[in-house]
Amino acid sequence: MNTYLTFSSLLNFLVSAVLIALLAASGESSLIRRRYLFFLISVLGWSGFYFFWQISNVEALAEFFCLSLTAFSLLIPITLYHFCITLAGLQARWSLILGYLIAFVLAALLPFDLIMDGVRPKLDHRFWPNAGVLMPAYLSFFILYLVASGWMLFKGWERHIGGLASDNVFVFFTCFVGFGGGVTNFPLWYDIPFEPYGNILVSVYLFLLGQGLYNKRITGLGMDIYKAAVGMLLSVTVTFFYILYLTIQSSFFGERLEVIDLWQKGAIVFLLSVLVFWLVPSIRFRTEKLVEGVFRHEWSTALSTLS
């Protein structure tokens, strides 16, 4: 697992860095582009310190890198929210000010062991953070602004038509995949024996959004392949959430959950979700429209101003 987390965090860092370089080198400036760059910088900082945390052999260094990545992670939901507001063409000045204020206050409290109370061995990890007394405040802030970002994208979809509406739906989907993987890092903070298997989905999320931004100019993936990838990622994300639910439930009730049983149930859920996404006509239609709506237009949408 440590090798996997080291690799996935490095991949997250490299994908973020490449996207930042590509957007910065484009020479074009737009408000949406700047908002997305700020979000990418927060992901870059989080993933970079995550990598150094995973390769640390000294407890003091591991704790420092954990504190640093947590500080950058506080910027992720609020910069995403700022980007989504701009993309949707909406105004939310006071919620933005409040969000940035809360993020910086929580970051200032990190050295006092209130959010992260040191690190210690957990499962096969040498140094994993312990949740402090204010960790619920951190999680509440994170979840609140993720939900608010989704709400803004939904309002943007209602407000616009055609390509602009598709942009909001596509960003919502990619956020669901990326953050669905990212949240698997948190259970072990509370000694819930669930490994962060979904960490690499952050890279997948950044890749998907980057693919949408550049209108197939980077990878040249065929639409049929892309549709299949979208369906598989939706199923993987649903499976992660189900396994996470089973793990939390067993820990809460003090039940023993065998790993083989966990993965067998996860495999069943994965297969069922594949059947739902691709065999239920109405859901399959919406999934396909989700992707096609983004790639059908070229330079006329807000997302194209990022490239």
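Side chains are part of it too, since the values below use all heavy atoms of this structure and drop only hydrogens, waters and symmetry mates.
Taking OG of Ser16 as the start and CG of Leu40 as the end, the distance is 6.0 Å to the nearest 0.5 Å. Summarising the geometry, atom CD1 belonging to Ile55 is positioned 9.0 Å from atom CG belonging to Leu10; distances are rounded to the nearest 0.5 Å. Here Gln54 contributes atom CD and Leu69 contributes atom CG; the two are 9.0 Å apart, rounded to the nearest 0.5 Å.
The nearest pair of heavy atoms linking Met152 to Tyr81 is CE-OH, 3.4 Å. Annotation for Ser47 and Leu44: closest pair OG-O, 3.1 Å, computed over non-hydrogen atoms. Closest heavy-atom contact between Ala88 and Gly156: CB-CA, 3.7 Å. The shortest heavy-atom contact between Ile76 and Ser42 is CG1-OG, 3.6 Å. Minimum interatomic distance between Ala103 and Ile78 (heavy atoms only, all atoms of both residues): CB-CG2, 4.5 Å. The heavy-atom pair separating Val119 from Cys66 by the smallest distance is CG1-SG, 4.0 Å.
Other residues, nucleotides and ligands contribute at most 12 non-hydrogen atoms within 6.0 Å of the CZ atom of Phe38.
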Please tabulate, one pair per line, all N/O donor-acceptor pairs under 3.5 Å involving side-chain atoms of residues 129-148, not counting sequence neighbours.
| from | atom 1 | to | atom 2 | distance (Å) |
| --- | --- | --- | --- | --- |
| Asn130 | OD1 | Arg120 | NE | 3.2 |
| Asn130 | OD1 | Lys122 | NZ | 3.0 |
| Asn130 | ND2 | Asp117 | O | 3.2 |
| Tyr138 | OH | Ser73 | OG | 2.6 |
| Ser140 | OG | Pro136 | O | 2.7 |
| Tyr145 | OH | Ser95 | O | 2.7 |
| Tyr145 | OH | Gly99 | N | 3.1 |

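Looking at residues two or more places apart in sequence or on another chain, you find no ring-ring contact (aromatic ring centres under 6.0 Å, His included) involving Phe51. Trp53 meets the ring-ring contact (aromatic ring centres under 6.0 Å, His included) test with Tyr50, Trp128; sequence neighbours excluded. Under the ring-ring contact (aromatic ring centres under 6.0 Å, His included) criterion, Phe52 pairs with Phe65, not counting sequence neighbours. Remark: Phe64 pairs with no residue by the ring-ring contact (aromatic ring centres under 6.0 Å, His included) rule, at least two apart or across chains.
Taking the side chain as every heavy atom from C-beta outward, Leu110 and Leu106 never approach each other to under 4.5 Å. Residues Ser8 and Leu5 meet the side-chain proximity criterion, which asks for heavy atoms closer than 4.5 Å. Between Tyr100 and Leu96, some side-chain heavy-atom pair lies under the 4.5 Å cut-off. Looking at heavy atoms from C-beta onward, Ile85 lies out of side-chain contact with Gln91 at the 4.5 angstrom threshold. In this structure, the side chains of Phe13 and Val43 stay at 4.5 Å or more apart for every pair of heavy atoms.
Among residue pairs with one or both ends in residues 55-69, those qualifying as side-chain hydrogen bond (donor to acceptor under 3.5 Å, both in side chains) are Asn57-Arg126; sequence neighbours excluded.
By the criterion of side-chain heavy atoms lying less than 4.5 angstrom apart, applied directly or through intervening Ile, Leu, Val, Met, Phe, Trp or Tyr residues, Ile97 is not grouped with Leu90; the two fall into different hydrophobic clusters.
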Between Arg35 and Thr79, is the side-chain contact (heavy atoms from CB on, under 4.5 Å) condition met? List the steps.
CA-CA 7 Å; Arg35 297 288 179 258; Thr79 53; over 6 Å; no
List the steps, then state whether side-chain contact (heavy atoms from CB on, under 4.5 Å) holds for Leu75 with Trp46.
CA-CA 9 Å; Leu75 294 175; Trp46 168 76; over 6 Å; no
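Taking the six-membered ring for Trp, His82 and Phe39 have ring centres at least 6.0 Å apart.
A side-chain N or O of His125 and one of Glu195 form a donor-acceptor pair less than 3.5 Å apart.
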